[in-house]
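Heads up: the structure comes next, in structure tokens.
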Amino acid sequence: MGLGGISPIQLLIIFGIVILIFGTAKLKNFGGDLGGAIKGFKKAMNDDEDTSESSSGEARQIESDGKTDAEFSEQAEQEKQN
């Protein structure tokens with residue numbers, strides 16, 4: 001038994017029918033598009049992780065100055081008013 005009760009011969013028949021319907025050129029384009037989408041998704045996830053790491057680094061820098069985020073925000077507002 002194969003995947004979910006589908007035998008390997010049945011998978012080959014399904015694959016053959018898909019090739020006849022769509023053709024190899026469309027399947028090649030579809031594979032390239034799918035690969036590009038996955039690559040873009042992974043890149044976006046990595047960029048998101050990098051952004052969160054840099055923002056936590058900024059928070060550490062603020063804390064190292066001896067100020068909390070609330071005190072820092074209050075000081076920024078006071079500087080805007082002056």
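As a basis for the values below, the full set of heavy atoms in this structure was taken, side chains included, without hydrogen atoms, waters or symmetry mates. Numbering starts at 1 and runs along the sequence shown.
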Transitive ILVMFWY side-chain link Phe22 to Phe15, under 4.5 Å: yes
Taking only residues two or more places apart in sequence, or in another chain, which ones meet Ile38 in a side chain to side chain contact (heavy atoms under 4.5 Å, CB included)? Leu34, Lys42
Which residues share a side chain to side chain contact (heavy atoms under 4.5 Å, CB included) with Ile9, sequence neighbours left out: Ser7, Ile13
Phe41: which other cluster members, linking ILVMFWY side chains closer than 4.5 Å, directly or transitively? Met45
For Ile21, enumerate each residue passing the side chain to side chain contact (heavy atoms under 4.5 Å, CB included) test, keeping only those at least two apart in sequence or located in another chain. Ile17
